[in-house]
Asks: 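Got a structure here, written out as structure tokens. Questions coming.
Just so you know, these numbers come straight off a predicted model, no measurement behind them. By convention in this document, chain letters (A, B, ...) are assigned in the order of the sequence lines, proteins followed by strands, and residues within each chain are numbered from 1. Because only heavy atoms are used, hydrogens play no part in the values below, and waters and symmetry mates are left out as well, while side chains stay in.
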Protein chains: 2
Amino acid sequence: MRHERLKIVIAPGPVHVPGQLRDAARPMHHRSGAFRSLVLDMEGMLRELFGTSSAVYALTASGTGAMEAAVVNAVRPDDRVLVVSGGKFGKRWSELLDAYGCGARVLSFEPGAAVDIGRVAVEAGEYGATVVACTHVESSTGLLLDLYALALALPGPLVMVDAVASLGAEELVMDAWGIDVVVSASQKAFASPPGVSFIALSDRARVRAPGHPAFYFDLARYEAGLDRGDTPFTPALETIQMVHASLLQAREAGWDAVRERHRTASAAFRAAMESLSLRSVPENPSAAVQVFVLPEGIDGDRFLRLLEEKHGIIAAGGQDGLKGRVFRAGFLGQFDGGTLLGIVHAVAATLSELGIDINVSDAERAMAPVAGLPALYRGHSAHEPPAAGGRARNVQS
Amino acid sequence: MRHERLKIVIAPGPVHVPGQLRDAARPMHHRSGAFRSLVLDMEGMLRELFGTSSAVYALTASGTGAMEAAVVNAVRPDDRVLVVSGGKFGKRWSELLDAYGCGARVLSFEPGAAVDIGRVAVEAGEYGATVVACTHVESSTGLLLDLYALALALPGPLVMVDAVASLGAEELVMDAWGIDVVVSASQKAFASPPGVSFIALSDRARVRAPGHPAFYFDLARYEAGLDRGDTPFTPALETIQMVHASLLQAREAGWDAVRERHRTASAAFRAAMESLSLRSVPENPSAAVQVFVLPEGIDGDRFLRLLEEKHGIIAAGGQDGLKGRVFRAGFLGQFDGGTLLGIVHAVAATLSELGIDINVSDAERAMAPVAGLPALYRGHSAHEPPAAGGRARNVQS
């Protein structure tokens, strides 16, 4: 195992978990003062990041679990829900609403096409929507929704947003923008393993109590121990500690500065990919997830296999209608400039190996703006020595 | 951080995660062939451990999530459910059933008192129970239920068992014993972090389809991708890899041999504690969880604090009615003999520091049967050098 080649994950989540965060998981009991104060500290930082004075609950579940908690705790069966969908994760809202017998109308946009806020407002008005569910960054296409404008155009209905793929990389100010439900998860901009998700509800969302049968996703159970840092069920101890460490690091760097890193790294990477003739899919690209159409005749699976096996870079393939035709990358702002350039070289080499004519010097030039960028977390760089010692792995030395 | 003293967790879950399992989590994408084949391999081993030819589904949730999946997928609102309860986790079944409007009668036994199988059978008959829910090892008292005898005495009703705290340490043969629903979780005998739970349903349980609203816990969604190793939602990538590595190691050691380790280590530990005048709580003690009454006048919180701060041993306190009066330990069979003796010394020293007169040589003698026991996993011993290198922590070396 010592000689196994280590790989870099650039998939848009689960992302690469850096050494600094892995090392943050210490032996600890979840019903201890130490863990409780860590949970309280984490919750405070989550409120800052969400831009809310409401509680942010941490669930031991994937992002879909937190989306289900949103429906269970805030959507009534007699609500008229408008789902704004531009792909796989927009559809998930409507599947969830269906499962709970909540009426939903789906307003679909073509994959990658910008969401027309005016049309959303008109449709919401005509339908008499009491709730609008949307996706901040659609992970299947990389599209960024102008959430501020959307919320502004919808003063009446509850606004419920899946911010799993956006929070930390894109701005979102829950209270000031008038957002009612925000859902996110650990394995994206938090750079932590998957398995923990987050949800915050505005006051008017929290009092709705729609009465769906629920237990694990009943937020009243989370509220009960919140001010003591007590979770209702055994939490994902290690991942919670990593999320805490990740938030500490991001807050120290500055929430704005972290978003700026993601923006700069993503823009440079898109420019580099475009210079390699890979077209970026979304009309309004995000700083979180990047999706690129592969050249005609290139099989997506083969491209990904080569990129991983020969170059050690794990990216993601297309979903739904884009399957086999695109590759996806995400949260590039977590890496240092040297690693980012290495990723560009790996993509270029893979294309070349597949017989595509490429000019790597334009791509290199496109990466110049991030040349000096240090990694956001220790142990997230290809050019840094291994973390010291293996002590944390053993019971004691 | 390098000089921070590392602690041993002996709490009955989340348990100490050994270096061997931490190292098993590699950078990987969850929609890859490598991960899919790992999931398939894990599922096969889980079937062996559960003793079933039915599918075993892995959920990204705590054990309570899998218990909710049991209710959602197998209990109808018109069922008559008898809950056999001897403490906190027995009560959880009835809370869950209540949340789904399923009628339940609770048959309570005193904390630590053996479950009277005859009484259960009579009560089930009188009530006309169609489902009996029980707890294999009640983590709040350490009590072992004679599950084989219970299932034998209940040929009619569906038998649903919470095996979170038992599976891997206590025998359970789902198909042969006629058990219909078995629930377990990653943070106990699997020696992995919390956040993944497991559930298997017998054929007659699976076809019940009670129609409760559900999405994340709807097992049909898990069934759909099962034979390809595809999870319906982003799985806890790292923890799944650790569970897989843990099962590989346990199967190599032998499922029986692992249970035997837990039995031997627990029996020796109980004898040692009794020689220190700590009374074991349960009438029928398990090989999984040990619960001991502290001497009169000793404050449980103070005992635990001292044990951790001075001796680096993290145990757990009492729950519900036993709060402040007991300490709990679990899954001792994962440690090597030297570490086990160190734990006994730490408990003895803590008692002595609290003014209790103890004779440590009897306790040492009680540990003789496990003196030569090697650790079950690498990096789970206090007497082994740190794992080599820190390579896995970095993107690449």
Asks: Measure B:Gln187 against the heavy atoms of chain A and call it side chain, backbone, both or neither at under 4.5 Å.
Replies: side chain
Asks: Rounded to the nearest 0.5 Å, how far does CZ of A:Phe215 lie from CD of B:Glu68?
Replies: 7.5 Å
Asks: So B:Met28 and A:Lys7, do their side chains get closer than 4.5 Å, heavy atoms only?
Replies: no
Asks: With respect to chain A, which residue among B:Gly195, B:Gly317, B:Ala99 yields the maximal number of heavy-atom pairs within a distance under 4.5 Å?
Replies: B:Ala99
Asks: Roughly how far apart are B:Ile314 CD1 and A:Phe35 CZ, rounded to 0.5 Å?
Replies: 12.0 Å
Asks: Compare all side-chain heavy atoms of A:Thr234 with those of B:Pro14 and state whether any distance is below 4.5 angstrom.
Replies: yes
Asks: Using a 4.5 Å cut-off on heavy atoms from C-beta on, say whether the side chain of B:Tyr216 contacts that of A:Tyr216.
Replies: no
Asks: Could you tell me which of A:Gly13, A:Pro193, A:Pro235 has the largest number of non-hydrogen atom pairs under 4.5 Å with chain B?
Replies: A:Pro193
Asks: Taking the side chain as every heavy atom from C-beta outward, state whether A:Arg92 and B:Phe233 have any pair of such atoms under 4.5 Å apart.
Replies: yes
Asks: I'd like to know whether CZ of B:Arg31 has more than 12 heavy-atom contacts from other residues, nucleotides or ligands below 6.0 angstrom.
Replies: yes
Asks: In terms of heavy-atom proximity below 4.5 Å to chain A, should B:Leu96 be classed as side chain, backbone, both, or neither?
Replies: both
Asks: So which residue, A:Leu237, A:Asp218, A:Leu21, ends up with the most heavy-atom pairs under 4.5 Å with chain B?
Replies: A:Leu237
Asks: A side-chain contact here means heavy atoms from C-beta on lying under 4.5 Å apart; do A:Pro213 and B:His212 qualify?
Replies: no
Asks: When rounded to the nearest 0.5 angstrom, what distance separates OG in B:Ser62 from NE2 in A:His30?
Replies: 8.5 Å
Asks: Can you tell me how far the CD atom of B:Glu238 sits from the CZ atom of A:Arg22, to the nearest 0.5 Å?
Replies: 5.0 Å
